[in-house]
Amino acid sequence: MSKIQNIEAMQILDSRGLPTVEVILETDKTKSNAKVPSGASTGEREALELRDNDLDKFNGKGVLKAVENVQTAIKNAVSGMDVFDQKGVDNKLIGLDTSPQKNKGDIGSNATLGVSLAVARAAAQEKGVELFQHLNPENPNPCVLPVPLMNILNGGKHAKSSNIELQEFMIAPAGFDSYSEALRAGVEIYQKLKEILKGAAVGDEGGFAPALTTNEDALELIKKAVGETKYKFGEQIFIALDPAASEFYDKDIGKYRLKIKGKLQEVTSKELKEFYESLIEPYHIISIEDGFDQNDWAGWIDFTKANGKKIQIIGDDLFVTNVKYLKRGIEEGAANAILIKLNQIGTLSETIETMDMAKKAGMKCVISHRSGETADTTIADLAVAFETGQIKTGAPARSERTEKYNRLLHIEKILGEKAVYKGLNSFKYAAPQSGAQAHIK
Ligand code: PGA
Ligand code: ZN
């Protein structure tokens, strides 16, 4: 038992230079902290990140109300509680949510998450173990390092300069024997792409953002970059996409608006499905996240029915790390994987509950950063702790991204001989309605 003695919070800056929350928590023996990330292409059902909306300061983006909530309501509620009682603390935080939508709208998910993670860090420090050895009470000795899904070309809301709608073009270095080799391959491809582009702007997640004429250009560029390295496309290197389709879905006309074959087109869900299907083989696509709008359940279900045995289909905005939406997705067969973002739900315990539900349904969990990040590396430990086998944490550039990759290098070193990299096997899942993926045996 170790009691929470004091909690403080501060307004700091994230990687976009926007305010975010840092929490500092003290027990008798330790001092821990946690910094909260922030999304840009957020799902409409996410827990609410509290912003001040005071246009005089940071254009309304300040988080002083969330800071205040940590230092008053939250501090009052959890002071004296045991840092080893993560569930108890998280339940207290959840109990402070009096918003009608139950989305932490008045307390702020940025306030609750900061405290929840600082508690976990304090407990690990007091136990004298690494964070990844503490986070999953059912597995104190995890050893699986994740395949990094590295976002090397940015579009959509994260990179307006690229002029394409699909948000993330990631490489998945899955055909390697260790995390560090896979990371090295990813870095070399990233550098090759930089050479090909002769320098280009970068998007919010550190991937390049060159001006392109159509979405397929991005895939061609990556294919070319991989081709100019020694790595084998389709054996060692695969592509993962996050179109973030809610961002280019036009509700009024019920169609998606994006550039295909060099032309801006308005397409139905079915046509979009066919477009994705046409890309899978030529570009060795292994995973598609948010291929459809967050309310286009029918589109998701059709796509998963047709392709769920072939590729990984991840719900991000669709599920928002929330058991309520995940349950529906499982029942209806809407996806075979879920993106896990702590701040979409606001506490560690709720995040774990969501991962449990996914795992039981045979779905893969992919731990993810946000486009607005800090130097906090908790997600690297979370990926190892739950042996999810996959992590999404941006380009291998900009410290807020590389800090997570570097933390995984440290964990690999700590584990030594015990470290396991499952590579392609990390993409093996039992799709809710189907069984194991066909082409990954
Ligand atoms: P976000 O983007 O952090 O801006 O929401 C990441 C994603 O869509 O996966
Ligand atoms: Zn996404």
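Indexing begins at 1, ligand by ligand and atom by atom, following the structure's order. Please read these numbers as outputs of a predicted model, since none were measured by experiment.
Remark: of the listed residues Tyr256, Phe292, Tyr283, Phe292 is the sole one forming a ring pair (Phe, Tyr, Trp, His ring centres under 6.0 Å) with Tyr276. Checking each of Arg16, Arg401, Lys157 against Asp204 for a salt bridge (charged side-chain N to carboxylate O under 4.0 Å, His left out) leaves exactly one that passes, namely Arg16.
Counting heavy atoms closer than 4.0 Å to ligand 1, residue Asp290 contributes nothing at all. At a 4.0 Å heavy-atom cut-off, ligand 1 touches Ala40 through backbone and side chain alike. Of the heavy atoms in His158, only side-chain atoms (C-beta onward) come closer than 4.0 Å to ligand 1.
In terms of polar-atom proximity, defined here as any N/O pair under 3.5 Å, Asp316 does make such a contact with ligand 1.
Using a 4.0 angstrom heavy-atom cutoff, His369 does not count as in contact with ligand 1. Not a single heavy atom of Lys157 sits closer than 4.0 Å to an atom of ligand 1. Using a 4.0 Å cutoff on heavy atoms, Ser368 does not count as a contact of ligand 1.
Taking the six-membered ring for Trp and thresholds of 30 and 60 degrees, Trp300 and Phe319 have ring planes inclined between 30 and 60 degrees apart. Below 30°, between 30° and 60°, or above 60°: for Tyr231 and Phe176 the angle between ring planes is above 60°, a perpendicular geometry.
The ligand atoms of ligand 1 that sit less than 4.0 angstrom from a heavy atom of Gly39 are 1 (P), 3 (O), 4 (O), 5 (O). Of all atoms in ligand 1, listed by their number and element, those nearer than 4.0 Å to a heavy atom of Glu289 are 9 (O). Residue-ligand proximity, Asp242 to ligand 1, at heavy-atom distances under 4.0 Å covers atoms 7 (C), 8 (O), 9 (O). Close contacts of ligand 1 with Glu168, meaning ligand atoms under 4.0 Å from a residue heavy atom, involve 6 (C), 7 (C), 8 (O), 9 (O).
Among all protein heavy atoms, the one lying closest to atom 7 (C) of ligand 1 is Lys341 NZ, 3.1 Å. Residue, atom and distance of the protein heavy atom nearest to atom 3 (O) of ligand 1 are Ser371 N, 2.8 Å. The closest protein non-hydrogen atom to atom 8 (O) of ligand 1 is Gln167 NE2, 3.0 Å. Of the protein's non-hydrogen atoms, the one nearest atom 9 (O) of ligand 1 is Lys392 NZ, 2.8 Å. Annotation: atom 5 (O) of ligand 1 to nearest protein heavy atom, Arg370 NH2, 2.7 Å.
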Residue pair Val21, Leu50: steps toward the side-chain contact (heavy atoms from CB on, under 4.5 Å) verdict: CA-CA 10 Å; Val21 177; Leu50 196 59; over 6 Å; no

Trace of the salt bridge (charged side-chain N to carboxylate O under 4.0 Å, His left out) decision for Glu195 with Lys192: CA-CA 5 Å; Glu195 222 177 279; Lys192 184 56 79 181; 3.4 Å; yes

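Under the 3.5 Å distance criterion, the side-chain polar atoms of Gln11 are left unmatched by any main-chain donor or acceptor of Val67.
Using modelled atom types, one finds no donor on one side chain facing an acceptor on the other under 3.5 Å when comparing Arg45 with Asn322. Between the side chains of Glu44 and Asn295, at least one donor-acceptor pair of N or O atoms lies under 3.5 Å.
Looking only at N/O/S atoms, Glu289 comes nearest to the Zn ion (ligand 2) through OE2. Among the heteroatoms counted here (N, O or S) of Asp316, OD2 is the one nearest to the Zn ion (ligand 2). Looking at Asp242 and the Zn ion (ligand 2) together, the shortest N, O or S contact belongs to OD2.
Counting heavy-atom neighbours within 6.0 Å of Lys270 NZ, excluding the residue itself, gives a total of 12 or less. Residue Glu138 places its CD atom among 12 or fewer non-hydrogen atoms of other residues, nucleotides or ligands, all under 6.0 Å distant.
Distance check, rounded to the nearest 0.5 Å: NZ of Lys359 to OG1 of Thr388 gives 8.5 Å.
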